Q: 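First, the structure itself, so that you have it in front of you.
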Amino acid sequence: MPMSPLEELRHSGSHILATAVLRLFPDAKLDIGPPTETGFYYDIDLDHKFTADDLVKIEAEMKKIADENQPFLRKEVSREEAVAIIKERGQERYKLGRLADIPEGEKISFYQNGEFMDLCAGTHVRYSSKLKAFKLLSIAGAYHRGDEKNKQLQRIYGTAFPTKEELAQYLENLELAKARDHRRLGKELQLFTFDTEDVGPGLPLWLPKGTVIIEELEKLAKETEFAAGYQRVRTPHIARESLYLTSGHLPYYADSMFPPMELSDDGKEQTQRYYLKAMNCPHHHKLFGALPRSYRDLPLRMAEYGTCYRYEQSGELLGLMRVRSMQMNDAHIYCTEEQFAAEFKAVNEMYLKYFSIFGLGKYQMRFSTHDPAKLGQKFVNEPELWKKTEDMVRQVLVESGINFVEVPNEAAFYGPKIDVQVWSAIGREFTIATNQVDFAVPRKFNLEYITPQNTKATPLCIHRAPLGTHERFIGFLIEHFAGDFPVWLAPEQVRLVPISDKQLDHGRALAARFHAEGIRVTLDEHSDKLGAKIRRAELDKVPYTLVIGQKEAEANSVSVRSRARGDEGVITADAYLAKLRTEVATRALPEKKAASPKP
RNA sequence: GCCGGCGUAGCUCAAUGGUAGAGCACCUGUUUUGUAAACAGGCGGUUGCGGGUUCGAAUCCCAUCGCCGGCUCCA
């Protein structure tokens, strides 16, 4: 596959990086150095631990190599010659394995620049001097071949662009992305906090302002689900071990669950194990099974914002995006095979409706299927059901005209699924929502309904969570909107700013009125100058600041300053309230489009 | 969990072996302000926690917890 010019440049950057590393550290053993979406890296095995200082030196050496204007030369060789070249260069530790990956019959090529020669399919820029705008960014550990059983190598990341201006722009964007990092904004805007000492890592505490967002999201979900014929249920946060043995989760996921609580009843020898729930489905299955069900009850749609706990590995925690306690926009739809397509389609449509509410334009639907080689291990051993349900899902996707990519070997153990991936402002990729088919677990729970023929049948189950978890979804929204939430979600919708203390009483009366209308309003009572109060409101990212001076107080009007549009002039308080009510009720998006940058 | 880096006041940061400091925030007073920072004073730290070296440790060493950048994982 030919590389794009940018990929060629970056790939050449990684070769030049390797050239420089070998000049400075001749003992380095090279593994692999490809271009990435944002730059390039090279994986290196070396006893010496690279430091930040080393990066500076390596970068300076790379600059020299670029100035040497080395041509990149391609050389095709036989497998035997390739082995000889690798050995001659003392790079057999990883490169022989990489050579073995090249299928018999395929061309084996090396690329040479200056004294450096690397096993490489290509392609490259013609001369090293093409590499003008580049920068080494970081050092990280990376397992050889991405397998944690293998040795961990040192990975040096860098990036390169055709021009210095583009590089500068990229680096500036990285800085801008930091400013909209949800961890930083969450702290600045007082949305949530962590107390890693006494509460624990990965366990977010929601401050009142963040809780407003949670409750607005739940309101949206409840309205939407009610309209779509869902029923709400509630279940406990814990269950006995047997529940997860029945569901089959325990053998697959015990490592990801908090260790069980052992309870002994009244000093009896026998103990009971309780687990914090990591998923809601088993509880919901119990609810389905709690009553006799008829085909007339189907499709039965059971919804709950369920709280789950997952023991994520410490290194995987990341702000709100990866946490150990989470509340999920969960629901399970029990239906017949005939109903499946319509239900699955309706769920996808609900996703799209939500995405338009949040102005989420850039997303990717991933259709995850099973791997036949792993039936009975990673996936339940039901080859026919896999095929049947995967065909059904694929058909719904195609019929709905939804763009998707199909990824084998990533299904849930109980059936195929669709994940919705989005990209955060920092370019990180997240699964924000999921929609899964389950043809296996209902049977384990002996879930049945009576068919029109008075026989018993097991329903299919659709697991779906269009708004994902509060934690991840809000983390994403913070970055998506850069903290400038639409008015309906904004923790503080209106800030009243009196020009002087003389308008304080009027301000209090107005605040009380707005509050009585259900508006989230505050009054700035500081005795600062107007400019300072405006600044404070801007920094707090309040969508509307209403300035009240002598004139406004007398006319019962307000001077409206919109965060998105600036000074909008004076209107009566009544007229403003009417506009605001509409904006909230329609869940209007902010006018200044909060773009979420592409990865 | 693994590799590397980093933990100083609510926040952003300074102090490199010799008395822990600044700006912002907060509180008080003065000011009464027309669309992004008025002025003055005050409060605030067992330098993440625990050991060690030293006459003396924020600073050096060990251990531990946490965070950050990646890797692995992600129902």
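Numbered from 1 within each chain, the chains take letters A, B, ... in sequence-line order. None of the values given here were measured: they were computed from a predicted structure.
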Q: With a 4.0 Å cutoff (strictly under), does any side-chain N or O of R495(A) reach OP1 or OP2 of A36(B)?
A: no
Q: Are H48(A) and F25(A), when compared by the centres of their aromatic rings, separated by less than 6.0 Å?
A: yes
Q: Just N and O in the side chain of Y275(A): are any of them under 4.0 Å from OP1 or OP2 of A75(B)?
A: no
Q: When you measure from the side chain of A278(A), which nucleotide among C73(B), G69(B), A75(B) comes out closest?
A: A75(B)
Q: Hey, does F413(A) reach any base, or is it just sugar-phosphate, or nothing, if we go heavy atoms under 4.0 Å?
A: nothing
Q: For F194(A) and D567(A), find the nucleotide of RNA chain B closest to each by heavy atoms; which residue's nucleotide sits nearer the 5' end?
A: D567(A)
Q: Using a heavy-atom cut-off of under 4.0 Å over every strand shown, decide if R561(A) touches base, sugar-phosphate, or nothing.
A: base
Q: Looking only at side-chain N and O atoms, does S138(A) come under 4.0 Å of OP1 or OP2 in G70(B)?
A: no
Q: Check whether the ring centres of Y334(A) and H285(A) lie less than 6.0 Å apart, and answer yes or no.
A: yes
Q: At 4.0 Å (heavy atoms only), tell me whether G566(A) reaches a base, stays on the sugar-phosphate, or touches nothing.
A: nothing
Q: Measure CD/Q152(A) against P/C73(B) and give the value in whole Å, please.
A: 13 Å
Q: Check every atom of C67(B), C73(B), A36(B) against the side chain of E316(A) and return the nucleotide holding the closest atom.
A: C73(B)
Q: Do R561(A) and D567(A) sit within salt-bridge range, that is, some charged N less than 4.0 Å from a carboxylate O?
A: no
Q: Taking the minimum atom-to-atom distance to the side chain of E148(A), which one of C11(B), U72(B), A75(B) wins?
A: U72(B)
Q: Base, sugar-phosphate, or nothing: which does L318(A) touch, judged by heavy atoms less than 4.0 Å apart?
A: sugar-phosphate
Q: Mind checking whether H463(A) and Y414(A) have ring centres under 6.0 Å apart?
A: yes
Q: Between R184(A) and D181(A), does any NZ, NE, NH1 or NH2 come within less than 4.0 Å of an OD or OE carboxylate oxygen?
A: no
Q: Mind checking whether F430(A) and W423(A) have ring centres under 6.0 Å apart?
A: no
Q: Touch check for R322(A), heavy atoms < 4.0 angstrom, all strands: base, sugar-phosphate only, or nothing?
A: base
Q: Can you name the atoms? Protein N/O to nucleotides 31-34 of chain B N/O, anything below 3.5 Å, with the distance.
A:
| residue | atom | partner | partner atom | Å |
| --- | --- | --- | --- | --- |
| U31(B) | O4 | S527(A) | OG | 2.9 |
| U32(B) | O2' | K502(A) | NZ | 3.1 |
| U32(B) | O2 | D501(A) | N | 2.9 |
| U32(B) | N3 | D501(A) | OD2 | 2.8 |
| U32(B) | O4 | D501(A) | OD2 | 2.7 |
| U33(B) | O2' | L530(A) | N | 3.2 |
| U33(B) | O4 | S527(A) | O | 2.6 |
| G34(B) | O6 | Q550(A) | N | 3.4 |
| G34(B) | N1 | E552(A) | OE1 | 3.0 |
| G34(B) | N1 | E552(A) | OE2 | 3.2 |
| G34(B) | N2 | E552(A) | OE2 | 2.4 |

Q: Can you confirm whether or not the ring centre of F413(A) sits under 6.0 Å from the ring centre of H249(A)?
A: yes
Q: Can a side-chain donor-acceptor contact be found between E583(A) and Y544(A) if the only test is distance below 3.5 angstrom?
A: yes
Q: If you check the A532(A) side chain, which of C71(B), A37(B), G48(B) turns out closest?
A: A37(B)
Q: Using the side-chain heavy atoms of Y157(A), tell me which of these nucleotides is nearest: C71(B), A36(B), A75(B).
A: C71(B)
Q: Heavy atoms from C-beta onward define the side chain here; which of C67(B), C73(B), A75(B) lies closest to that of P201(A)?
A: C67(B)
Q: Answer with base, sugar-phosphate or nothing: what part of the nucleic acid does A412(A) contact at a heavy-atom distance below 4.0 Å?
A: nothing
Q: Can you see if the side chain of R310(A) gets near the phosphate of C74(B) - specifically, an N or O under 4.0 Å from OP1 or OP2?
A: no
Q: So, R183(A) side chain and G319(A) main chain: donor-acceptor pair closer than 3.5 Å or not?
A: no
Q: Counting Watson-Crick and G-U wobble pairs whose two distances are both under 3.5 Å, find the runs of 3 or more in a row that involve RNA chain B.
A: B:1-7 with B:65-71, B:10-13 with B:21-24, B:26-30 with B:38-42, B:50-52 with B:60-62
Q: Say whether D45(A) and Y94(A), considering side chains only, have a donor N or O and an acceptor N or O under 3.5 Å apart.
A: yes
Q: Look at the side chain of A142(A) and decide which nucleotide, out of G69(B), C71(B), C67(B), has an atom nearest to it.
A: C71(B)
